[in-house]
Amino acid sequence: MYRHLERRLAHHILESLRRRHPGIALPNVVIEQPPKVELGDFAIPTFPFAKPLRSAPLKIAEAIRADAGSIEGIAEMQVAPPGYLNVKIDRAWMAAALAADQKPPTEVPPGKILVEHSSINPNKAAHIGHLRNAILGDTFVRLLRYAGREVDIQNYIDNTGVQVADVVVGFTHIEKKSRAEIEALTRQPRFDYYCWDLYARVSQWYEQDKQNLQVRLQTLHAIEDAFSETAGVAELISTAVLRRHLETMDRLDIEYDFLPRESEILHLHFWDAAFTKLKEAGVLTFENEGKNKGCWVMRRAGTGKESSESSVVQQTLESRPIQEVFKEYEKISEEDQKVIVRSNNTVGYVGKDIAYHMWKFGLLGRDFAYRKFYRYPNQHDCWISATEGEKDHPHFGDVAEIYNVIDARQSEAQNTVIEALRGLGHDEAADNYTHFSYEMVALTPRCAAELGYTLSEEDKARSYIEVSGRKGFGVKADDLLDTLIASAKKEVDSRHPQLTDDERLTIATQIAIGALRYFMLKYTKQSVIAFDFKDALSFEGETGPYAQYAVVRATSIFKKAALDPDTFCRDVASNISPADLSKYLASETANEIWELWLTASKTRYVVDQCIATTEPAYLAKHAFQLAQLFNTFYHRYPILTEPDEKRKQFLLATAAIVRRELIRTLAVMGITVPPVM
RNA sequence: GCGCCCUUAGCUCAGUUGGAUAGAGCGUCUGGCUACGAACCAGAAGGUCGGGAGUUCGAAUCUCUCAGGGCGCACCA
C-alpha cells in the first residue's frame, strides 16, 4: 500500500507539472523520506525542476501544492525551504488499509524463475561459506514467492569433478578401503565429517609427493566412465555426502526442487548439442597455434571485445577486404582466450555450464531424466537428474528468468556463460540471466586461533582469513548449528524451567536458526563476513532473536488479555472505526505510533526493493527497524492498563498489526517465532 | 600487467535513483525491573565519510587521480 501510494503521488505530481508546462522535458520525480516524521511521510525535492522550468524550487513546490487538489490517501502538502514539498499521508486512511490487509492489485510478470543456489561439492561437510550461499538463495526464493512469482529451486551437483575424485583417492589409495567398507561408512552418522578430514589428508598426501597427483588424474578419468568401478565408488560417496548436505540445509528449513548433476550433463550428451550450436554460431573458434593449440576457445568475458568491434567498424570504413577484417575480428589474443574444449577433446567446466544454462532456458533441445531422491518431512519431494528416470515428473527448466547464487570469485566464468548465450543470439536469455554475486565468509584471526590453527604474523595482522576446505580449515555448518542451539538452550533452560526438555529444545532451535539466518542476511552481499563465534552467537542487539523477541512480547500481551492475536488482527478493521484511528493517529503526539504503522506498511515495498536490487539485507534492516520501533512502543505505552477502552483497542491494534508484519518479514527470511523465549 | 570489489565512530557494518543536522549494533560510561517478561528501554561520549581535484544549486554517493586492502585472470571447478 505504501508503494502504491508513492507511485500514485509521483504520477500525480508529474501530470500536474506537465499540465502546467506542456512540452517541456522534465526529470523524474524523486520521492524520498523526510528526516523526521513530523515533517511528513514523503519528501519531493523540487531542485531538479528549477532549471527546466526556469523557476525557483520553492515556487515550484508551491505551484505543485496549489495544483494538487485532493489525492486519495494524501492528507496535506507543505512547502519547506530550501526546496522541498513535504507530503503527509492520510493516517487514518492508510491505517485502515493496513488493518484490513488490503493489497493493491499488482501485475506479476509472467514466466517461471529458476534460482540456483548451494551447489556444494559433494565431497565433504558443508561449511559457513555454504551457509551464506544457501541462506541468501533460500531467502531470495522466499522474496520472489512473496511477490507472487513461481520459482524452481535447483542445486547443481558437481559429482564428477576433482574434489570428489580427491576423496575417492583418499578412500581407495590412502585408506585402501573396499567398496563394501566405504558403503558401511556412508551409513555412519555424519559421513560428511569423515570426508572433511580425509579430504584434508589427501591434499597433504599430494604435497608429500607430486607423483601422487598422477593418481588423481587417473581417478578423475575413471569417474567419467560411467561403468567403471571407480565411478561406482564416486557415486556412492557423492550421493551419501549430498544426502548429508540436504539434511544439514533442512535443519534451516532450506529445500530444493531439483538436483541436476554433472554426471548426467556428461552422459546425456548435453555438451554435444551445445557444441554444435556454438560452433555454428561462431562463438567457439579452433586454435591452430600458440599455447592453446588444438583447443576450442571463446573470448573471455570483459576482455575488450568493444575495442576490437569499433576497430572493425573503423577498418570496414576504410574499405579493407571484409574477410581480412573479419578474420582479425575473430582473432582473440591468447590471454583473452578461455579454453572450452581441451586439446584431448574433453570439455571443461565452463562448457558444461553453457550447456546447462541453455537447458535452463529451454534452448538446448534435450532434457534430463528424473527420479525422486529425497522426501522432506513435509512430504515435499526433491528430484535428481538421472539417465533413465520416472515417467511422471514435474517439468523443470525452460524458464523465463534465472538467478545463480554463486560467489563473486566466479563472476568472470558467469559472465563468459552469459556472453556465450549472447553469441548464440539468445539476447533475451542473456538479459534474464542474473549472477547473484556475493562475497565469501572468512574467519577472524581470533576465531582461527580458537579453532586451533597456528597463524603466521602476517595472518594475525589481517582482518580476516579465508577458509580452506583443502586444509580442513573452516567451521562446519552442522557444528555451528549445534553450538548455536546449545547456547540458546542454556538461555531457554534458565528462563523457562517449567517447560519440558523437548519444548525447550524446539524453542532453542528456532532461536538458533533465527540468529544464524539473520546473521547471514544483515550484511550486504559485497561485504566479506569475517566470522567470529562471539558475533554469531550473540542474541542481543541487531540480531534475529531481538526481532523474534519483539513478536513474543506482542504475543504475550494478547495472551494476558485472553485474546487470540491472529483473530484479533483479522478483526481489527471492523473493531476500530476510522474515526477512532484518525483520533489516535492524527494528534501531534501520535507521531511515534504513526511511525510504527508507517513502517509496518512497508513490508511489500521493501520486498520489491530486495528483488530489484537482489539484496536481501534490506529485509533484515526492515525487520530490525520494525522490532526496534515496537520495543520502544512497548516500553512507552502500557496497553493492558490503559483506562480508555477505545484507546486500549487502538493500542492492541497497533501491536497486532506490527506483530503480523514482523512475522511475515521474518518468514521471508526463513525465521519462525517461538511462542515464548 | 588487466578486470571486479572494498576503505564511513574504538570494533563490525547501514546509508535505495546525488538531497534537509551522516545512522545502527557491539564495546565504554550513567540510569531504569513487586513485569503487557530487562534476549529490553532511556541517556552520554565517540566521525576532516582513506587523501586530493572536478561535475553540481547540493557529493559518503557521480568522474578523474593517488594511497591502502581483497578477489579473479589454468587444457581446475
Side-chain angles (χ1 to χ4, degrees), chain A residues 28 30-32 34-36 39 43 45 47-48 50-51 57 80-84 86 121 158 160-163 220 262 291-297 300-304 335-336 338-344 346-350 352-353 407-413 415 437 439-440 442 444 462-464 466 488 491-492 495 511 515 522-524 526-530 532 534-535 538-543 545-546 548-550 552-561 606 609 612-613 615 617-618 620-621 624-625 628 631-632 634-642 651-652 655 676-677:
Chain A
N28 279 334
V30 174
I31 298 197
E32 55 199 36
K36 285 181 178 175
L39 294 171
F47 312 104
K51 211 170 229 175
Y84 291 96
N86 288 332
N121 273 306
D158 178 11
T160 56
V162 227
Q163 295 216 21
L220 194 55
E262 189 167 86
K291 68 167 181 162
N292 295 328
K293 184 177 175 183
C295 299
W296 286 89
V297 304
R300 204 183 287 285
T303 54
E335 59 180 13
D336 291 348
K338 174 69 196 167
V339 171
I340 303 298
V341 181
R342 305 177 188 114
S343 56
N344 66 0
T346 57
V347 58
Y349 158 79
V350 176
K352 283 177 248 181
D353 223 26
D407 79 79
R409 284 171 291 194
Q410 293 197 49
S411 64
E412 194 183 287
N415 287 333
S437 166
E439 273 295 345
M440 61 183 171
T444 61
R462 292 174 187 270
S463 56
Y464 56 83
E466 199 172 343
E491 290 292 320
V492 178
R495 287 160 202 250
I511 293 170
K522 72 192 250 190
Y523 300 94
T524 53
Q526 78 274 11
S527 167
V528 175
I529 298 181
D532 197 311
K534 185 177 136 287
D535 298 332
S538 168
F539 298 151
E540 288 164 13
E542 197 192 336
T543 66
Y546 176 92
Q548 289 171 314
Y549 186 63
V552 167
R553 284 176 133 186
T555 308
S556 75
I557 296 171
F558 289 93
K559 205 180 289 170
K560 206 104 179 185
V606 175
Q609 203 170 62
T613 55
E615 182 48 270
Y618 298 131
K621 284 279 173 291
F624 178 64
Q625 202 193 348
Q628 203 174 33
N631 275 332
T632 312
Y634 176 92
H635 185 255
R636 201 159 304 175
Y637 302 94
I639 297 174
L640 297 178
T641 53
E642 170 61 45
L651 293 174
L652 276 169
V676 296
M677 63 185 278

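Proteins get letters first, then strands, A, B, ... in listed order; numbering begins at 1 in each. Computed from a predicted structure; not experimentally measured.
Base contact: A:R495 has a heavy atom under 4.0 Å from a base atom. Residue contacts for A:Q163: at a heavy-atom cut-off of 4.0 Å it reaches no nucleic acid atom on any strand shown. Within the 4.0 angstrom heavy-atom criterion, no nucleotide atom of any strand lies near A:L220. Using a 4.0 Å heavy-atom distance criterion, A:V606 is classed as making no nucleic acid contact. A:K51 comes within 4.0 angstrom of sugar-phosphate atoms only, judged by non-hydrogen atoms across all strands, and of no base. A:Y637 comes within 4.0 angstrom of a base, heavy atoms only. Counting non-hydrogen atoms under 4.0 angstrom, A:S411 reaches nothing in the nucleic acid. Within the nucleic acid shown, A:E466 comes within 4.0 Å of sugar-phosphate atoms alone, with no base atom in reach, counting heavy atoms only. Across all strands shown, A:V676 has heavy atoms under 4.0 Å from base atoms, whether or not it also approaches the sugar-phosphate. Using a 4.0 Å heavy-atom criterion, one finds that A:I511 contacts the bases of the nucleic acid, with or without backbone contacts as well.
When rounded to the nearest whole Å, the span between CD1 of A:I557 and P of B:C40 equals 16 Å. Whole-Å rounding puts the A:M440 CE to B:C4 P distance at 19 Å. If you take CD1 of A:I529 and C1' of B:G70, they are 15 Å apart, rounded to a whole angstrom. Note: CG (A:N292) to C1' (B:C73) measures 13 Å, nearest angstrom.
When distances are taken from the side chain of A:E412 to each of B:A77, B:C36, B:C73, the shortest belongs to B:C73. Which of B:U12, B:C40, B:A39 sits closest to the side chain of A:F539 comes down to B:A39. Of the candidates B:G15, B:A77, B:C41, B:A77 carries the atom nearest the A:D158 side chain, counting heavy atoms from C-beta on. For A:S556, the listed nucleotide lying nearest its side chain is B:G37; candidates were B:U16, B:G37, B:A39. Taking only side-chain atoms of A:T524, from C-beta outward, the nucleotide of B:U12, B:G15, B:A39 with the closest atom is B:G15.
Qualifying side chain to side chain contact (heavy atoms under 4.5 Å, CB included) partners for A:Y549, counting only residues two or more places apart in sequence or in other chains: A:R553, A:M677. Under the side-chain hydrogen bond (donor to acceptor under 3.5 Å, both in side chains) criterion, A:K338 pairs with no residue at all, not counting sequence neighbours. Judged as a ring-ring contact (aromatic ring centres under 6.0 Å, His included), and not counting sequence neighbours, A:Y464 has no contacts. For A:T346, the side chain to side chain contact (heavy atoms under 4.5 Å, CB included) partners are A:R342, A:N344, not counting sequence neighbours. Every salt bridge (charged side-chain N to carboxylate O under 4.0 Å, His left out) that A:R409 has, sequence neighbours left out, goes to A:D407, A:E466. Listed by chain and number, the residues in a side chain to side chain contact (heavy atoms under 4.5 Å, CB included) with A:S411 are A:H435 (sequence neighbours excluded). Listed by chain and number, the residues in a side-chain hydrogen bond (donor to acceptor under 3.5 Å, both in side chains) with A:N28 amount to none (sequence neighbours excluded). Every residue meeting the ring-ring contact (aromatic ring centres under 6.0 Å, His included) condition with A:F624, not counting sequence neighbours, appears here in chain and number order: A:Y546. Scored by the side chain to side chain contact (heavy atoms under 4.5 Å, CB included) test, A:E32 finds A:V30, A:A43, A:P45, A:Y84 as partners (sequence neighbours excluded).
Taking side-chain N and O atoms only, A:T632 has a distance below 4.0 Å to OP1 or OP2 of B:A42. Between A:R409 and B:A77 there is no side-chain polar atom (N or O) within less than 4.0 angstrom of OP1 or OP2. Side-chain nitrogen and oxygen atoms of A:Y464 include none within less than 4.0 Å of the OP1 or OP2 phosphate oxygen of B:U12. The side chain of A:Y349 places no N or O atom within less than 4.0 Å of a non-bridging phosphate oxygen (OP1 or OP2) of B:A77. For A:R462 and B:G69, the shortest distance from a side-chain N or O to OP1 or OP2 is not below 4.0 Å. At B:U16, none of the side-chain N or O atoms of A:T613 fall inside 4.0 Å of OP1 or OP2 (strictly under the cut-off).
Scanning atom types as modelled, one donor and one acceptor separated by under 3.5 angstrom connect the side chain of A:S343 and the base of B:C75.
Taken to the nearest 0.5 Å, the OH atom of A:Y618 stands 5.0 Å off from the OG1 atom of A:T613.
Under 4.0 Å is where a charged nitrogen must lie from a carboxylate oxygen, and between A:E335 and A:R300 no such pair does.
Taking atom P in both B:C4 and B:C64, the straight-line distance is 11 Å, to the nearest Å. Taking the P atoms as reference points, B:A39 lies 41 Å from B:G51, given to the whole Å. Separation of the C1' atoms belonging to B:A60 and B:U17 is 16 Å when rounded to the nearest angstrom. Taking atom P on both nucleotides, B:U30 is separated from B:A45 by 15 Å, rounded to a whole Å. Rounded to a whole angstrom, the distance from the C1' atom of B:G31 to that of B:U16 is 37 Å.
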I'd like a table of atom pairs between the protein and nucleotides 25-27 of chain B - only N or O on both sides, under 3.5 Å - with the distance next to each one.
from: B:G25; atom 1: OP1; to: A:Q628; atom 2: NE2; distance (Å): 3.2
from: B:G25; atom 1: O2'; to: A:E542; atom 2: N; distance (Å): 3.4

Set out, line by line, the N/O atom pairs under 3.5 Å between protein and nucleotides 19-21 of chain B.
from: B:G19; atom 1: O2'; to: A:E32; atom 2: OE2; distance (Å): 3.2
from: B:G19; atom 1: O2'; to: A:Y84; atom 2: OH; distance (Å): 2.0
from: B:A20; atom 1: N6; to: A:N86; atom 2: OD1; distance (Å): 2.6
from: B:A20; atom 1: N1; to: A:N86; atom 2: ND2; distance (Å): 3.2

Completion exercise
Given protein heavy atoms under 4.0 Å, the one-letter contact record of nucleotides 6-11 of chain B, with B base, S sugar-phosphate only and - none, is simply S-----
